[in-house]
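See structure below.
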Amino acid sequence: MANLLEWSRAYGGRLNADDKNQRFAKADSLAQRLSAEVSAGKLPFLSMGYRARLEADMQAQLAHVKTFKHMLLLGIGGSALGCRAIQRAFAPSQDLPGHNGPSVWVADNVCAEQFEALLGRLSPKDTIVVCISKSGGTIETISQYFLVKDWLKNALGDAWKHQMIVVTDIAKGYLREEAQSYDLASMEVPDNLGGRYSALSAVGLLPAAYLGIDWQALLDGAASVAAPLTAPAPRLAEHPSFALAAWAHALMCKGYSQLIYFCYIPQWATYGPWFAQLWAESLGKNGQGSQPIAATGVTDQHSINQMFLDGQRDKGCLFLTSRKQAQGRSFGQDLPEKWSWLRGKKFGSLLEAEALGTRMALCKSQVPLVHIDTEDCSERSAGAMMMLLEAATVFTGWLMEINPLDQPAVELGKRLANTKLGAAGYTQEEQDLRSFLELPRDEQVF
Ligand code: PA5
């Protein structure tokens with residue numbers, strides 16, 4: 001048993017044998033870069049040198065954290081999406097009727113109505129708040145932090161400090177200052193571990209551990225994929241993450257501007273938005289990249305799949321299945337004649353058959369497709385998949401000759417929003433906002 005990449009339909013459509021042969025052209029030079037960056041501590045998501053510290057911190061926090069019925073997580077982007085994916089995949093019962101165990105609530109927006117609904121239903125005394133921000137200064141998260149701090153204080157007085165944990169940079173940022181001022185419990189987001197690469201640090205794993213998820217197995221799975229990349233003289237050309245990167249880059253070079261993440265492990269569907277953020281924020285640079293599209297089998301066969309199959313020929317596909325999925329209950333032997341072919345079959349056989357049908361239909365429609373087939377749906381396999389995709393994203397960025405670890409374009413909108421709210425020091429942005437708003441509005445009633 002192993003997690004597999006299946007390549008037989010990858011170089012279809014406009015990709016050809018030359019693309020396939022070319023795919024390792026840069027492997028040796030990038031292997032040297034990889035070694036250098038790992039040694040310089042620039043890729044902690046791969047080397048996971050933070051693991052021992054994380055384990056110690058987790059031990060220190062967990063007993064206290066687990067005494068609460070609810071965890072309220074404040075964070076956005078990479079500080080929220082991994083946590084939500086892990087919760088939905090491995091602690092789905094909190095979203096099912098009759099749940100009575102611990103629950104994690106992820107507040108990753110600034111919708112006043114949703115936020116009030118959440119705070120109105122949670123009881124401060126039963127809630128541990130985890131505020132996650134690598135930079136410690138993200139407006140959405142900090143604004144929630146201020147409001148939740150008041151919410152806790154109003155109910156608990158000075159004891160609010162025992163119900164707030166911050167997960168942030170070890171030394172810098174406003175949240176770290178808060179932790180120091182109020183002696184708040186804290187966990188570290190290691191240096192150089194950017195938001196979208198941080199799900200397998202305290203960011204995603206503190207909530208996971210609170211929910212009783214096997215977070216160590218997530219790390220073990222990730223480590224098994226990362227180990228050959230962090231070894232001395234890594235053989236990049238042989239590593240599946242590099243093969244994926246080379247394929248994704250070849251697709252971009254041939255005009256495939258969209259990459260589907262088609263997840264036929266339905267309980268892992270929320271990894272779709274996690275992957276979409278990882279891919280888009282890392283690779284949408286200098287007019288390049290491919291737009292990630294998160295889709296879930298079989299649900300999306302009845303929504304966006306028609307476009308995949310017969311829309312523009314601009315899509316490649318990562319097609320995710322698992323060889324070991326729950327089979328569930330069986331259909332009765334008394335089904336009507338019209339449905340007799342289902343008699344005695346397991347419900348799970350539908351998922352398998354429909355995954356095969358859709359994969360074949362995509363290939364027949366000339367959609368270049370890599371099949372990721374996990375041996376099971378365990379935490380270990382999920383950790384392996386996360387590491388595979390994170391490493392593939394970085395290597396794709398290197399092949400594109402862009403920096404996959406920053407996100408400069410999204411800063412402008414943040415600066416303009418801060419300006420609009422009255423923050424000081426944004427002279428140019430003030431002028432830009434004024435001229436944007438001066439343009440006469442061209443309105444139409446509907
Ligand atoms: O992936 C990223 O770097 C971003 O999406 C960040 O996670 C997001 O902007 C939140 O940043 P921070 O964790 O600093 O609050």
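Just so you know, ligand 1 is whichever comes first in the structure, and atom 1 is the first atom listed for that ligand. Note that this is a predicted model, so its numbers are computed, not measured.
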Exercise for review: If you have a sec, work out which protein heavy atom is nearest atom 1 (O) of ligand 1 and how many Å separate them, to one decimal?
Suggested key: R196 N, 2.9 Å
Check your understanding: Among protein heavy atoms, which sits nearest to atom 11 (O) of ligand 1, and what does the distance come to when rounded to 0.1 Å?
Key -> T138 OG1, 3.5 Å
Donor-acceptor pairs are to be reported for all side-chain atoms of residues 292-299 against protein atoms at under 3.5 Å, with residues two or more places apart or in another chain.
none

Check your understanding: What protein heavy atom sits nearest atom 10 (C) of ligand 1, and how far off is it?
Key -> I76 O, 3.3 Å
Exercise for review: May I ask you to identify the nearest protein heavy atom to atom 6 (C) of ligand 1, giving residue, atom name and distance to one decimal place in Å?
Suggested key: G78 N, 3.9 Å
**Study point:** For K134, the ligand 1 atoms whose distance to one of its heavy atoms is below 4.0 Å
**Key:** 12 (P), 13 (O), 14 (O)
Point to revise | Distance flag, aromatic centroids of W279 and Y261, threshold under 6.0 Å | key: no
Practice item. Would you kindly check if the NZ (Lys) or CZ (Arg) of R23 is within the cone defined by 45 degrees around the ring axis of W247 and under 6.0 Å from the six-membered ring centre? Key: no
Review point. Which residue owns the protein heavy atom closest to atom 9 (O) of ligand 1, what's the atom, and how far is it?
Key: K414 NZ, 3.9 Å
Review point. Is any side-chain N of the basic residue among K26 and E401 closer than 4.0 Å to the acidic one's carboxylate O?
Key: yes
**Study point:** Protein heavy-atom partner closest to atom 4 (C) of ligand 1 - residue, atom, separation in Å
**Key:** E281 OE1, 3.2 Å
Exercise for review: May I ask whether E140 places a heavy atom under 4.0 Å from ligand 1?
Suggested key: no
Practice item. Please check if atom CG in D95 has more than 12 non-hydrogen atoms from other residues, nucleotides or ligands closer than 6.0 Å. Key: yes
Exercise for review: Check each atom of ligand 1 against the heavy atoms of S133 and keep those under 4.0 Å away; list them by number with element.
Suggested key: 12 (P), 13 (O), 14 (O), 15 (O)
Review point. Would you call K420-E429 a salt bridge at under 4.0 Å N-O?
Key: no
Review point. Is E375 salt-bridged to K324, cutoff N-O under 4.0 Å?
Key: no
**Study point:** Residue and atom name of the nearest protein heavy atom (relative to atom 5 (O) of ligand 1), distance in Å to one decimal
**Key:** Q277 NE2, 2.6 Å
Review point. Under a 4.0 Å N-O cut-off, is there an ion pair linking E438 with R434?
Key: no
**Study point:** Contacting atoms of ligand 1, where contact means under 4.0 angstrom from a heavy atom of Q407
**Key:** 3 (O)
